[in-house]
Amino acid sequence: MAEVLVYVDHVDGAVRKPTLELLTLARRIGDPVAVYLGANAESAAPALAEHGAVKVLAADAPEFGDYLVVPKVDALQAAAEAVSPAAVLIPSSAEGKEIAARLALRLGSGLITDAVDLNAGDEGPVATQSVFAAAFTTTSTVTTGTPVITVKPNSTAPEAAPAAGTVEQLSVTFGELATGTKVVSRSPRESTGRPELTEAAIVVSGGRGVNGAENFAIIEALADSLGAAVGASRAAVDAGWYPHSNQVGQTGKTVSPQLYVAAGISGAIQHRAGMQTSKTIVAINKDEEAPIFELVDYGVVGDLFEVVPALTDEVKARKG
Ligand SMILES: Cc1cc2nc3c(=O)[nH]c(=O)nc-3n(C[C@H](O)[C@H](O)[C@H](O)COP(=O)(O)OP(=O)(O)OC[C@H]3O[C@@H](n4cnc5c(N)ncnc54)[C@H](O)[C@@H]3O)c2cc1C
């Protein structure tokens, strides 16, 4: 069976969930081979093997941490040349997409970004994308070279399928461009204890209807009861009620969780663009004509200041 390269996104050896999703999708196309860059490959290998990696190609060098994406592109190119894979799968983060674009150019291959599903096809992997603010769904195959495909987080649920996961060293020679952009400082983002917005299985977002920074506490309380991330509309963010890093939409983050709860959000096209591929959408809005109700699975016409706390209490009660 053909091998499929999966780029591993990790934090010091802790494999992030989107990579496990990619391994799950990769198995539909061939045998997943994980490409792990940085230290602690041995501690990541069990999780990768558990999710179907037949092999882990590992490379460690200071360049991966000290410079921006080019060293990683060099490594993936080396892996692609060593393995001749049926496809290269990369998580759809901002960094992932930059790596993918550069890699596709290097390999002379076609590139598909932001896939929301992936299946085997007669002409190679078939990627599904949700485009034009999710107004259309397209399916595409790469017709030139080795398909390089980035896949959005939460496109599938990670499934275990234990495989060998043998760690092998990948030899990488860095090109001249690898050290072109140096990382000069890093400051860790303040942890909220909540999941990362773009990876969370559940997102609870508040909009202008929340009516003030202090009122976001009720959105956070619902999010915490569900183990969810907190999002916000641009109106809420522009008003200074919540950080810009939590904005969902065309000019914010794109999320695709299993459950998206929108409270006090009207459903403008630019907001939809960032959340419309969510699996189940729930809206709470006091205006029954609000456009968000056109795309919801469940809609509650009501005052969010009554509905959201009641929902939080109910979730907590059911959790016991
Ligand atoms: C180029 C461009 C890019 C943009 N990018 C983004 C983007 O990335 N993300 C984004 O979100 N927007 C974006 N916008 C802005 C977008 O057009 C909307 O203005 C914005 O999404 C509106 O936010 P909102 O739904 O919170 O506010 P509003 O449209 O004002 O809606 C507030 C809603 O809250 C309801 N409400 C009020 N009080 C209550 C209550 N007590 N209980 C229940 N419901 C209540 C109201 O009925 C209303 O439906 C962009 C716009 C442009 C032009």
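All residue numbers refer to positions in the sequence shown, counting from 1.
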Requested in this report: Would you check if L22 and V4 make a side-chain contact, meaning some heavy-atom pair closer than 4.5 Å?
Outcome: no

Query raised in the report: Quick one: does S256's side chain have a donor or acceptor within less than 3.5 Å of a partner on T277's backbone?
Result: yes

Query raised in the report: With a 6.0 Å cut-off on ring centres, are Y36 and F64 close enough?
Result: no

Requested in this report: Check whether the side chains of D9 and T19 place a donor and an acceptor atom closer than 3.5 Å, and report yes or no.
Outcome: no

Query raised in the report: Okay, side chain of T24, backbone of P158: is any donor-acceptor separation there less than 3.5 Å?
Result: no

Query raised in the report: Do the ring planes of F216 and W241 sit parallel (below 30°), tilted (30 to 60°) or perpendicular (above 60°)?
Result: tilted

Query - Polar side-chain atom of N285 near backbone of G302 as donor-acceptor pair, under 3.5 Å - result: no

Requested in this report: Taking atom CD of E214 as the centre, report whether more than 12 heavy atoms of other residues, nucleotides or ligands fall under 6.0 Å from it.
Outcome: yes

Query - Check: Y242 and V210 side chains under 4.5 Å, non-hydrogen atoms - result: no

Query raised in the report: Is any side-chain heavy atom of E123 less than 4.5 Å from a side-chain heavy atom of T143?
Result: no

Query raised in the report: Is it true that K279 and D297 have a side-chain N and a carboxylate O under 4.0 angstrom from each other?
Result: no

Query raised in the report: Does one hydrophobic cluster hold both L222 and F305, with members joined at side-chain heavy-atom distances below 4.5 Å?
Result: yes

Query raised in the report: Any donor and acceptor pair, going by atom type alone, linking the side chain of Q270 with main-chain N or O of Q250 inside 3.5 Å?
Result: no

Query raised in the report: Does NZ in K286 sit with more than 12 non-hydrogen atoms of other residues, nucleotides or ligands closer than 6.0 Å?
Result: no

Query raised in the report: Do K17 and E196 sit within salt-bridge range, that is, some charged N less than 4.0 Å from a carboxylate O?
Result: no

